[in-house]
Amino acid sequence: MRNWFSEERGAGGILVVVACAFAVALTVQGTASAQFVLFSILQYFATIAPVALGLGLTMIAREFDLSVGGVMSVAGCIAVTIGAGDPVAGAIAGIVAGLVIGLLQGLAITGLGLSSISVSLGTLMTTAGLAYIVTGNLSVSLGRPDLSAAINEPILVIFSWRSLFAIACVVVAGSIFRWTRPGVDIVATGSDRAAARTAGVKTGAMVAAVFTLSGGLAAASGVLLSYGLSVASPSGLTDVLVPAISASIIGGVSLAGGRGSPLGIAGGALILCLLNAGLNALGVSPTAQQVILSAVLFAVAISSAPRFHRLLRG
């Protein structure tokens, strides 16, 4: 089964199945609140998609950024702590912190030859601790209900500034990935690093760049979500890692590197959002939802297996 996100994945077919299940759920529950449901889906997309986009790009480069949850959390805490007095300064500080953390990770991985998993795992624990230090182990209120309302205010019925930002990130990243040299270089870095270096690709710079981008996107998502909630908690945003990984895999990113695209990652995030909304509409318990999500990931893994395709061809 070919995938309109990736040539070798079945996420396109899964998206159709999930969308049909969502439509059935709306029919069962009634469509009077369809606009609200679509708005909620895009709000969840606004949280997951930027994080999954940054993480997915590191995976395409055959690396892995486990720190996104911690970066998202500490950036939100920094932004709200400073933003209570100056929201713009708070947002800048939070995003810059994410960019710096990502850059330092990339430099450590490329300069010292360290494993990205070990480096990003250490960063995850470090940023989680920093979030507690920044907030004094307390939930911090922004104290700007007007700003929170503006960030979450519906635009054209189903969008908000948060969801529009997420969509813009996907569009810009997708354009760069498709039409510029860096997109090709990232894929080459993940496919065969030695061959890429022989071809003149600066693989170290590519790895540092994708980690910097991953940190910045996770931080931006954390800042906007914290401003939208008008509160930041040191442990409130750390559970984003699993959905981000799931979105990347469903969207066609290979764990072996060298395969995937921003559009595919966004599609994977959309599948998760539709699935979550449909299951919630049907009243499925959170435990059962995790089982269903695991089944979806398993289906994607099977659909991408070369041996499975050989068996289908007979």
Side-chain angles (χ1 to χ4, degrees), residues 46-58 61 63 65-111 116 119-120 122-136 140-144 147-148 150-151 161-162 164-166 168-170 172-173 176 182 204-238 240-241 244 262:
T47 301
I48 299 300
V51 182
L53 178 59
L55 172 61
L57 290 177
T58 67
E63 302 291 349
D65 187 2
L66 293 173
S67 70
V68 289
V71 172
M72 186 178 182
S73 183
V74 74
C77 291
I78 291 172
V80 170
T81 301
I82 298 175
D86 187 342
V88 174
I92 292 173
I95 294 172
V96 168
L99 291 170
V100 170
I101 291 171
L103 176 60
L104 291 177
Q105 287 190 105
L107 293 176
I109 292 165
T110 59
S116 61
V119 170
S120 59
T123 303
L124 173 62
M125 293 185 289
T126 302
T127 51
L130 288 174
Y132 280 97
I133 293 173
V134 169
T135 61
V140 180
S141 175
L142 180 63
R144 289 291 303 273
L147 179 60
S148 301
I151 289 175
W161 287 115
R162 286 182 57 226
L164 289 175
F165 170 78
C169 288
V170 172
V172 172
I176 293 174
M206 287 296 102
V207 171
V210 293
F211 270 90
T212 302
L213 184 61
S214 179
L217 287 171
S221 181
V223 169
L224 288 174
L225 179 58
S226 297
Y227 275 11
L229 296 173
S230 195
V231 66
S233 170
S235 61
L237 307 180
T238 55
V240 75
L241 178 60

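For clarity, every value in this text was computed on a predicted model and none was experimentally measured.
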Quiz item: Measuring from I82:CD1 to D86:CG, what's the distance to the nearest 0.5 Å?
Solution: 9.0 Å
Quiz item: Roughly how far, to the nearest 0.5 Å, is OH of Y132 from OG1 of T127?
Solution: 11.5 Å
Quiz item: Within a strict 4.5 Å, meaning less than it, do heavy atoms of the L142 and V231 side chains meet?
Solution: no
Quiz item: For A97 and I78, which heavy atoms make the closest approach, and how far apart are they?
Solution: CB-CD1, 3.9 Å
Self-check item: Heavy-atom closest pair, residues V80 and S226
Solution: CG2-CB, 3.7 Å
Quiz item: Under the 3.5 angstrom rule, does the side chain of T123 hit a backbone N or O of V119 as a donor-acceptor pair?
Solution: yes
Quiz prompt | Donor-acceptor contact present, side-chain S73 to main-chain P234, <3.5 Å | solution = yes
Quiz item: Looking only at heavy atoms, what is the nearest atom pair of V71 and G98, with distance?
Solution: CG1-CA, 3.8 Å
Quiz item: Knowing that exactly one of L57, L103, T58, L99 qualifies, which makes a side-chain contact (heavy atoms from CB on, under 4.5 Å) with L213?
Solution: L57
Self-check item: Distance, nearest 0.5 Å, that separates CD of Q105 from OG1 of T126
Solution: 9.0 Å
Exercise. Over all heavy atoms of both residues, which pair between P50 and S221 is shortest? Give the atoms and the distance, please.
Key: CB-CB, 4.2 Å
Practice problem: Starting at CD of E63, measure out to OG1 of T110 and round the result to the nearest 0.5 Å. | Solution: 9.0 Å
Practice problem: Applying side-chain hydrogen bond (donor to acceptor under 3.5 Å, both in side chains), run through T47 and R162 and close with a yes or a no. | Solution: CA-CA 8 Å; T47 301; R162 286 182 57 226; 2.5 Å; yes
Self-check item: Test item: M72 and L225 side chains (from C-beta on) under 4.5 Å apart, heavy atoms
Solution: yes
Quiz item: How many angstroms lie between atom CE of M125 and atom CG of L66, to the nearest 0.5 angstrom?
Solution: 10.0 Å
Practice problem: Of all the heavy-atom pairs spanning P262 and V170, show the shortest one and how long it is. | Solution: O-CG1, 4.1 Å
Exercise. May I ask you to test the L229-S148 pair for a side-chain heavy-atom distance under 4.5 Å?
Key: no
Quiz item: Shortest non-hydrogen contact from A219 to G94?
Solution: CB-O, 3.5 Å
Quiz prompt | L217 and V51, any side-chain heavy atoms less than 4.5 Å apart | solution = no
Exercise. Would you check if V100 and T212 make a side-chain contact, meaning some heavy-atom pair closer than 4.5 Å?
Key: no
Quiz prompt | Residue among S214, S120, S116 satisfying side-chain hydrogen bond (donor to acceptor under 3.5 Å, both in side chains) with D65 | solution = S214
Quiz item: Are side-chain heavy atoms of P87 and Y227 found at a separation under 4.5 Å?
Solution: yes
